[in-house]
Amino acid sequence: MTVLAVVEHDRGIITTASFGVLTAARNLAKQMGAKFEALTIGANADALSEVISKYGASTIHQAHHQALIDFGPEAWGESIAQVVRKTSPQVVISSGTERGHEIIAQAAARLDLPAAMNCLEFDKDFNGTQPLKVVRARWGGSLMEESQIDAPIKLVTLANHIVEPQEELSTAPATVLAIDVDLDDSVTQSFVQDRVERVAGVTLATSPVVVSGGRGVGSAEAFAPLEELAGLLNGVVGCSRAVTNNGWRNHTDQVGQTGTRIAPDIYIACGISGAIQHWVGAMASKNILAINIDAQANIVTKAGYAVIGDLHVVVPAISAEIRRRRNL
Amino acid sequence: MNILVCVKRVPAPGARINITSDGQQVDTAFLGFTVSPHEECAVEQAVQLVEKHGGEVTVLTLGPAEAQEQLRTAVSTGAVKAVLVPIDTTDWDPQRTAQAIATVITELEATNGKYDLILFGNESADSCGYQVGIRAALKLDRPIVNGAKGLDIENSVAVIRRESDAGVEIYKLKTPACVGVKEGINLPRYPTMKGRLASKKVEITQSTASGEVGGLKLIMLRRPPERASNTKILGNGPEAASAVVDLLEELGVFK
């Protein structure tokens with residue numbers, strides 16, 4: 001029996017989500033008394049065998065084809081499908097990211113097997129022979145679904161940030177097996193054909209401070225005090241879906257289920273009610289300060305800290321106090 | 001250019017999602033319904049593309065009879081044809097849904113010719129399965145890329161822009177092709193008066209759903225454990241500024 005971890009990487013650089021996947025795959029394999037194997041796609045990921053070995057994989061399959069020089073969802077999915085057909089693992093697991101979901105869905109479609117995305121838990125009694133019970137996230141994490149995967153091979157993605165990455169204490173070097181996959185024209189169309197590299201700097205997803213505004217801000221212009229506060233805190237400005245729907249800010253600033261998931265040190269939510277769709281994008285924040293006129297607003301009851309008052313006067317007062325203390 | 005957009009009717013929850021006592025579905029007794037957000041943007045993108053290149057937009061949904069409400073919403077914002085694939089239960093699993101959608105699309109194309117583009121939402125807002133579009137595309141033997149934050153057509157090639165941690169990725173798919181669209185690709189328009197009238201008059205085609213039950217079986221839904229929160233109120237109004245900056249200093253924001 002085997003658990004196969006599909007390692008997500010970008011042109012040879014492993015993604016952080018992959019470390020959780022490797023850890024979860026190893027834990028599941030131990031529970032089942034199964035082998036833990038990994039799969040990398042593209043020769044540019046061959047060098048990852050060293051770090052994957054540290055997580056305890058006994059065998060690393062390296063899928064090779066000249067088309068696999070960059071990411072292509074269909075070619076990656078087809079590569080996984082071919083390796084799965086050859087090795088018949090009981091479980092195939094990848095990361096709960098845009099690429100992870102996409103390649104597992106592609107592989108599942110090609111193998112005509114079910115797939116469960118964003119799994120939070122796996123059945124502790126699973127031994128590889130029965131259907132696999134999982135708990136997975138719905139509604140971006142505000143609802144949980146217990147379901148069962150009834151198939152000989154179970155394909156899953158692991159919800160991000162659920163499993164703390166842990167290297168294996170003592171490991172033997174893994175056996176590396178190169179496998180030439182067979183990819184035809186039908187899958188080599190959907191490749192990254194060009195890219196625009198991101199300019200270095202903090203983004204909404206990575207900034208330690210986010211000052212965010214909701215419907216209560218009232219207009220695009222009224223974001224100026226939030227911009228000012230964010231500037232004083234070296235943070236960035238975010239917003240709720242109501243704001244983007246009103247055209248006050250670009251969608252790239254949106255925090256939420258269909259926007260960006262954030263986990264800053266502090267999230268300052270101004271005039272945001274805290275509907276589910278917003279909350280699931282902000283709930284990973286280490287501290288939340290809500291500024292709201294409504295003491296019963298959902299975000300106020302869920303936040304660690306709150307100021308009850310009109311953001312249009314509270315936010316400038318905070319900026320003024322920061323300037324006063326820091327002699328700015 | 002003819003575009004088909006697949007949409008899903010989903011509840012529009014506020015601050016809390018409740019579950020029915022049997023744990024099988026979301027309790028929608030007090031909820032309104034909407035088109036899943038990614039798909040709302042897919043409809044808008046399709047309408048913008050036909051405004052630019054000509055053609056028409058058809059919208060399709062697999063769902064309860066009430067889902068014609070969402071089809072009419074799509075017509076009020078620019079789609080001209082609507083297809084309902086009725087199912088009597090609340091939700092079909094992803095494999096079954098994809099098979100039914102692909103079968104209906106094949107039937108529609110037998111009479112109308114191939115759609116240049118078939119758009120899906122990246123994932124549904126409620127069940128978040130991330131796979132129906134991909135499975136349907138494969139059954140239809142068409143390429144698909146998910147996560148589209150930009151989509152245009154140049155000489156029968158769909159040019160797709162997708163955001164990643166490293167920047168923006170560009171994909172090019174020869175049409176006919178499928179695309180999974182994400183919210184943020186555009187700002188959906190509001191219905192016009194003309195659109196509202198059209199949505200009342202549009203004839204909704206019904207197609208029979210057929211699909212074998214897949215291998216992912218729902219056992220039950222439950223709410224995640226409530227996070228205990230004892231909100232510390234730092235004060236009321238601008239007088240709270242001092243307490244706020246104390247907190248920011250304590251959290252090391254200025255280091």
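By convention in this document, chain letters (A, B, ...) are assigned in the order of the sequence lines, proteins followed by strands, and residues within each chain are numbered from 1. Everything quoted here is computed from the prediction, not taken from an experiment.
For the pair A:Thr16/B:Asp165, no side-chain contact is recorded, criterion being any heavy-atom separation below 4.5 Å from C-beta on. Looking at B:Val168 and A:Arg195, their side chains never come closer than 4.5 Å, going by heavy atoms from C-beta outward. Counting heavy atoms from C-beta outward, A:Phe71 and B:Arg162 have side chains that approach closer than 4.5 Å. Looking only at side-chain heavy atoms (C-beta outward), A:Asp265 and B:Leu251 stay at 4.5 Å or farther from each other. Between B:Phe254 and A:Asn234, every side-chain heavy-atom pair lies at or beyond the 4.5 Å cut-off. Contact check for A:Glu98 versus B:Lys182: side-chain heavy atoms found under the 4.5 Å cut-off. In this structure, the side chains of A:Ile104 and B:Tyr130 stay at 4.5 Å or more apart for every pair of heavy atoms. B:Arg222 places a side-chain heavy atom less than 4.5 Å from the side chain of A:Val135.
Of the N and O atoms on the side chains of A:Gln254 and B:Glu183, at least one donor lies less than 3.5 Å from an acceptor on the other residue. Residues A:Ser186 and B:Arg142 bring no donor and acceptor atom of their side chains to less than 3.5 Å of each other. Side chains of B:Glu123 and A:His101: no donor on one and acceptor on the other come within 3.5 Å.
Between A:Arg138 and B:Asp126 no salt bridge is recorded (no basic side-chain N to carboxylate O distance below 4.0 Å).
Under the side-chain contact (heavy atoms from CB on, under 4.5 Å) criterion, A:Asn250 pairs with A:Thr252, not counting sequence neighbours.
Under the 3.5 Å distance criterion, the side-chain polar atoms of A:Arg136 are matched with a main-chain donor or acceptor of B:Ser127.
Both the backbone and the side chain of A:Arg110 come within less than 4.5 Å of a heavy atom in chain B. Contacts of A:Lys154 with chain B are absent, with no heavy-atom separation under 4.5 Å from either backbone or side chain. For a residue to count as touching a neighbouring chain, one of its non-hydrogen atoms must lie under 4.5 Å from one of that chain's; by this rule A:Pro208 does not touch chain B. Of the atoms belonging to A:Leu289, it is side-chain heavy atoms, and not backbone ones, that fall under 4.5 Å from chain B. Of the atoms belonging to A:Ile13, not a single heavy atom falls under 4.5 Å from chain B. In this structure, the portion of A:Glu74 lying under 4.5 Å from any heavy atom of chain B is its side chain and not its backbone. Contacts between A:Ile266 and chain B at a heavy-atom distance below 4.5 Å involve the side chain alone, from C-beta outward. Using a 4.5 Å cut-off between heavy atoms, A:Arg99 touches chain B through backbone and side chain atoms alike. Using a 4.5 Å cut-off between heavy atoms, A:Ile291 does not touch chain B at all. Residue B:Val132 does not touch chain A at all, counting heavy-atom pairs closer than 4.5 Å. If you measure heavy-atom distances from A:Asp10 to chain B, the contacts under 4.5 Å come from the side chain alone. Only the backbone of A:Ala137 comes within less than 4.5 Å of a heavy atom in chain B; its side chain stays farther off. Only the side chain of B:Leu248 comes within less than 4.5 Å of a heavy atom in chain A; its backbone stays farther off. Only the side chain of B:Glu40 comes within contact range of chain A, with heavy atoms under 4.5 Å apart. With a 4.5 Å cut-off on non-hydrogen atoms, A:Phe191 touches chain B through its backbone but not through its side chain. Using a 4.5 Å cut-off between heavy atoms, A:Asn298 touches chain B through its side chain atoms alone. Within the 4.5 angstrom heavy-atom criterion, atoms from both the backbone and the side chain of A:Thr258 approach chain B.
Nearest heavy atoms, A:Asn245 versus B:Leu187: CA-CD1, 3.8 Å. Contact between A:Glu197 and B:Ala166 at its shortest, heavy atoms only, is OE1-O, 3.2 Å. Of all heavy-atom pairs spanning B:Leu216 and A:Ala115, the tightest one is CD2-O, 3.6 Å. Closest of all the heavy-atom pairs between B:Cys128 and A:Gly140 is SG-N, 3.6 Å. The heavy-atom pair separating A:Val300 from B:Thr231 by the smallest distance is O-OG1, 2.8 Å. When every heavy atom of B:Gly184 is checked against every heavy atom of A:His251, the shortest pair comes out as CA-CG, 3.1 Å.
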### Message
Does B:Ile170 form a side chain to side chain contact (heavy atoms under 4.5 Å, CB included) with A:Val192? I'd like the steps, not just the answer.
### Response
CA-CA 6 Å; B:Ile170 294 154; A:Val192 176; over 6 Å; no
### Full working for side chain to side chain contact (heavy atoms under 4.5 Å, CB included) between B:Leu221 and A:Met144
CA-CA 6 Å; B:Leu221 301 176; A:Met144 292 155 94; over 6 Å; no
### Message
Evaluate B:Lys174 against A:Asp185 for salt bridge (Lys or Arg N to Asp or Glu O under 4.0 Å), listing each step before the verdict.
### Response
CA-CA 12 Å; B:Lys174 272 198 209 95; A:Asp185 295 347; over 6 Å; no
### Task
I would like to know whether B:Leu173 and A:Ser190 meet side chain to side chain contact (heavy atoms under 4.5 Å, CB included); could you show each step before the answer?
CA-CA 6 Å; B:Leu173 303 180; A:Ser190 60; 3.6 Å; yes
### Task
Could you walk me through whether B:Lys217 and A:Glu145 pass salt bridge (Lys or Arg N to Asp or Glu O under 4.0 Å), step by step?
CA-CA 10 Å; B:Lys217 299 187 170 90; A:Glu145 170 192 311; over 6 Å; no
### Message
Please evaluate residues A:Val307 and B:Asn236 with respect to the criterion side chain to side chain contact (heavy atoms under 4.5 Å, CB included), reporting the C-alpha separation (whole Å), side-chain torsions for both, the decisive distance (0.1 Å), and the verdict.
### Response
CA-CA 6 Å; A:Val307 173; B:Asn236 290 287; over 6 Å; no
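Your options are B:Asp93, B:Val145, B:Ile144, and the one with the most heavy-atom pairs under 4.5 Å with chain A is B:Ile144. In terms of heavy-atom pairs under 4.5 angstrom with chain A, the leader among B:Gly214, B:Ala241, B:Gly215 is B:Gly215. Here B:Ser242 is the residue among B:Ala98, B:Ser242, B:Ala136 with the most heavy-atom pairs under 4.5 Å with chain A. Contact tally against chain A (heavy-atom pairs below 4.5 Å) for B:Pro188, B:Pro37, B:Ala240: the top residue is B:Pro37. Comparing B:Glu163, B:His38, B:Lys232 by heavy-atom pairs within less than 4.5 Å of chain A, the highest count is held by B:Lys232. Chain A forms the most heavy-atom pairs under 4.5 Å with one residue out of B:Asn122, B:Asn146, B:Ile19, B:Asp141, and that residue is B:Asn146.
The distance from atom CD1 of B:Ile233 to atom CD1 of A:Ile308, rounded to the nearest 0.5 Å, is 4.0 Å. Here CZ of A:Arg325 is found 4.5 Å from CD of B:Glu249. Values are rounded to the nearest 0.5 Å. Between the OG atom in A:Ser147 and the CE atom in B:Met220 there is a gap of 12.0 Å [rounded to 0.5 Å]. Of the inter-residue distances, the one linking B:Lys139 atom NZ with A:Asp112 atom CG reads 5.0 Å to the nearest 0.5 angstrom.
In the displayed structure, B:Asn155 atom CG is contacted under 6.0 Å by at most 12 heavy atoms of other residues, nucleotides or ligands.
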